[in-house]
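Working notes, structure below.
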Amino acid sequence: MKRYNPSDIEPKWQATWDEQKVNEVTIDDTRQKLYVAGMFPYPSGAGIHTGHAFSYSIVDAIARFHRQHGLNVLNPMGWDTFGLPGENYAIKTGTSPAVATATNIANIRKQFKRMGISIDWSREINTSDPEYYRWTQWIFTKLFERGLAYQKESLQWWCPVDKTVLANEQVEAGRCWRCGSIVEKKSMKQWFFKITDYAEALLEEIDDLNWPQKIKTAQANWIGKSEGAEIEFKLEGTDETITVFSTRPDTLFGATFLVLAPEHPLVQSLVTAEFADFVATYVKSAIKKSDIERMNESREKTGVFTGSYAMNPATGAPVPIWIADYVLAGYGTGAVMGVPAHDERDFAFAEAFKLPIINVIEPETGTPQQDPEARQSIVAIVRNPRTNTYLSINWGQQGGNLFVGGGRENDEAVVATALREIAEETGYKNVSLVSQTGPMHHNYFAHSKNVARRIEAHALLFDLIDEERTETALEADEQGKFTVEWLSEADVQAKVQDELHATSYDLLVNHSIYHGEGVLTNSGAFDGMSTSQAREEIVAWLEQEKTGRTKTTYKMRDWLISRQRYWGAPIPIIHCEIHGAVAVPEDQLPVMLPEIADYAPKGDGLSALARATDWVNTTCPTCGGPAKRETDTMDGFACSSWYLLRYADPHNTEQAWDPAVVNYWNPVDYYIGGDHAVAHLLYVRFWTHVFKDMGLVNFKEPIQKLVYHGYINAEDGTKMSKSKGNVVDPLEVIEQGYGADALRTYVLFMGPIDLDAAWSSKGIAGVYRFLNRVWVLAQQYQESDKTFVGHDEALRRLQHKVIRKVTDDFHRLSFNTAISALMEYTNELYKLKVDGFSDEAWAEALGSLMQLIAPFAPHIAEEIWQQLGHTSLIQENPWPVWDDALIVDEAITIIVQVNGKLRAKLSVSPDTNEDAIKTLALEDEHVMSFVGDKKPAKVIYVPGRLVNIVV
RNA sequence: GGGCGAGUGGCGGAAUCGGUAGACGCGCUAGACUCAAAAUCUGGUUCUCGCAAGGGAGUGGGGGUUCAAGUCCCCCCUUGCCCACCA
């Protein structure tokens, strides 16, 4: 018998697939297309690691599965080559990054081929190839034409080590994402893409994407839409105004100060002579501060008074204008109105600087009822300061735990009512008032009295002085209905569920700032109005007065694409003294990266390209006069924002792509990756939306289904890293003798694809053993005498069941369970005697196994498929189909439970009726011993599954 | 601080619609083959009481809904990821 030796069969089939170009595809209108792609790799010198092996094993399983279904499957590959690692390597070695890149690509291409990934290599692309970046530049010029690419002087994150500007998403907790050094702010003229124009469109489509929820949420949070109003505050003594943005215009009457960001343009003109020095010092230090420094400080509020006042447009009251770094320059208008009564940050600021606090919202809880009866009441929280526990009344099923509560009669004072209720309900009489809230409102339905109520409540906090108690005095309907308990803080949080009581505790004990909904107070004509209604009416009124308007803002900023680096696509702009920034005309593209001697930036904020004077000095495309080329290059994310379109039409020399071709292949049906949750995916979406508007594609969203997988960690559970020396090289695993099939099958068997997993050398050995069993099984069949016996049902049943299971699992991308089903199937076949069934049935049973295993382990599948006598490749044969009739078992197992506990199993034929099964269950000896002579109260039958006898 | 996940044997994980918890694999273990070992094959393997038949407990903790809960609801704990003074 021939031994299973992957290195004998894998390279052989890889060569065959290559020669027959089985993975190369063209447009075919007679077949359904399927486009599957992994996020293209950055070709590093280290080659691919198991993370890549995992990612592309998913890609390939999906590709092969659909090819076996007869679909026209596009599975391309390319290289994301521009970027800092390539440039840093070039700076170190002095050789062009293009040279090292080419070597790395050749190496990695070999790795992918040795893994047997079914890629259409004729479509290979490389973002640093002039034939590619020519079109990246062309897209830039189109965005420029549409006003979507622009230049602006702005403060930018600057990495002092890499000597480059960083995008917001490249700053992680105040540090450079690449080298980890603390970043600084620097003012520079930079190129931006105006992604903010598409904020709403990008947000709108998120709901409909078939993407993991966490990625969708991350994108929505990134866009960060919030609806509110802009409100103008007139400066005292001038005609100037300060505009603030607020999502809570309903709290306008409570605005007692204004705060500007240190970078706010009005700061200089506002500050009075008296405060000029303080302000200048504060602004200077605030702007210099990096995020990490700000974060390391506690959240204590800092700020300075400008000496100026503005007027609250609602109250006419003067409000002092302050400057503080808790207000961000880049969001909203860079100025806020401080409403300390209803915003925690404003409250902290007001406390720190002794600013007035005006309450304008009375909390309202519960669900408003029809025609409620109005009542007045109190909530009394009694704290025992010695044990730090809180007096609570447990109403059991009726309402859980509450504090002391009760109605306030006629003119009874609030405190008096509370004292009375405490004594009546709990007997405690010696308490001292600590604090109390203003009026609150609560809506509920009093079931005991069958009446809807809206109560006005006051909450009070008392400290218990001593344990002395009197007789309780309860109303008739309260007798014996509750018990008095002392609860710890944790128990209060867990057990006091009633909204009014929980809110009372929050306000009085936790000293929370109330920012929920409620009823307006201290708000002039708007008193008594609900907060939600007031949000609309106050803005409407401001609009009438021309001092405010509704406004939607987004957290997302425009996409900064300038990089002061050599190794990127040059921005195709020529600066002319007369015509300013002029786009390079299409027929002069690409703007080639010139070869230079020294790639290092010199810390002047310019790329090394600035020193290539022959290249920089050129003529203006408009007037022919002397002009200079832009020396910034584009962010690598620009290159990767359209490559999924270029794959469809990779060799087009006339245009970036032919819309007809792209409209056939795109959008991508499955996009697989485990990186780039936000930026890359958002940028790809942004460009595709623009292309749709330009008529270059006929879809808005580039990616139908996003498959976001986890990481593969090292055997010790930590991240694989070169420095720790725990990196597993896929090629090594293959060459150790396990082979590509075992590697691919193992990474998919480790667990669900969205979970992280740790590499296990024992684990891959187990999968190799499985493939070896498959091999041995096939060889045993080949060498048997293939006698026909005649009863093939058992074999067929196994075969058709596994077809259904694997097919189902594929549709939910549950590869680990599909593989485990194939293992079970193989184990079952092992147990059957080879000569116990017909030759025909065996050939089919094994043939199906090969077809089902092929997406994971294509080489062994192809080899055995051929041994079984097939002359065409597996992927040219249709995926097996199961026959429901063949899956029906001769006998099914019915579980018998008594009171929900498993007591017996019945084996019955599937057509046994309910009554017969119930009778069998009740007659079972073991069941009878549990039922005894009691009469079953209920017998529940779940068809085909179980009987539950309730006694 | 906020948002979103996750928590099941010694380990990775399975249980797809509320219906046999622990599939499959690793590890461990007993046996077969062997002079022996490796490889391979066969069996066992949640904990616990019991010679056994069988019983009891059990999916991070507490409560609830249900004939029935890993699965649904409430609270808490732990942990991962993302965001983080966004008005």
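We name chains A, B, ... by the order of the sequence lines, and we start the count at 1 in each one. Treat the numbers as computed from the prediction; the structure is a model and nothing was measured.
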Original post:
Under 4.0 angstrom, heavy atoms only, what part of the nucleic acid is G332(A) near: base, sugar-phosphate, or nothing?
Top reply: nothing

Original post:
Among the nucleotides U42(B), C85(B), A87(B), which one has an atom lying closest to any side-chain atom of R773(A)?
Top reply: U42(B)

Original post:
Hey, does S226(A) reach any base, or is it just sugar-phosphate, or nothing, if we go heavy atoms under 4.0 Å?
Top reply: sugar-phosphate

Original post:
Do the ring planes of Y4(A) and W775(A) sit parallel (below 30°), tilted (30 to 60°) or perpendicular (above 60°)?
Top reply: tilted

**OP:** Among A87(B), U20(B), C85(B), find the nucleotide with the atom closest to the side chain of Q897(A).
**Re:** U20(B)

Subject >> Nearest listed nucleotide, side chain of M823(A), among C85(B), C24(B), G3(B) >> reply: C24(B)

Original post:
Of all the choices, G55(B), C24(B), U20(B), which nucleotide is nearest to the side chain of F749(A) once you look at every atom?
Top reply: C24(B)

**OP:** Could you please name the option among C83(B), G12(B), A21(B) that lies closest to any side-chain atom of W222(A)?
**Re:** C83(B)

Original post:
Side-chain donor or acceptor of K805(A) under 3.5 Å from a matching atom on the base of U16(B)?
Top reply: yes

**OP:** With the side chain of N827(A) defined as its heavy atoms from C-beta on, choose the nearest nucleotide among G25(B), G54(B), U20(B).
**Re:** G25(B)

Subject >> Among C67(B), C82(B), A87(B), the one nearest T247(A) by side-chain distance >> reply: A87(B)

**OP:** Output the single nucleotide from G55(B), U20(B), G13(B) whose closest atom is nearest the side chain of F930(A).
**Re:** G55(B)

Original post:
Of the nucleotides C67(B), A15(B), G12(B), which one has an atom closest to the side chain of R812(A)?
Top reply: A15(B)

Subject >> Flag, side chain of H515(A) to backbone of E344(A), donor-acceptor distance under 3.5 Å >> reply: no

Original post:
Out of C85(B), A68(B), G25(B), which has the shortest distance to the side chain of N948(A)?
Top reply: A68(B)

Subject >> Touch class at under 4.0 angstrom, heavy-atom based, for V950(A) against every strand present >> reply: sugar-phosphate

Original post:
Under 3.5 Å, is there an N or O donor on one side and an acceptor on the other linking the side chain of K762(A) and the base of C11(B)?
Top reply: no

Original post:
Is the side chain of D250(A) donor-acceptor paired with the backbone N or O of R535(A) at a distance under 3.5 Å, no angle test?
Top reply: no

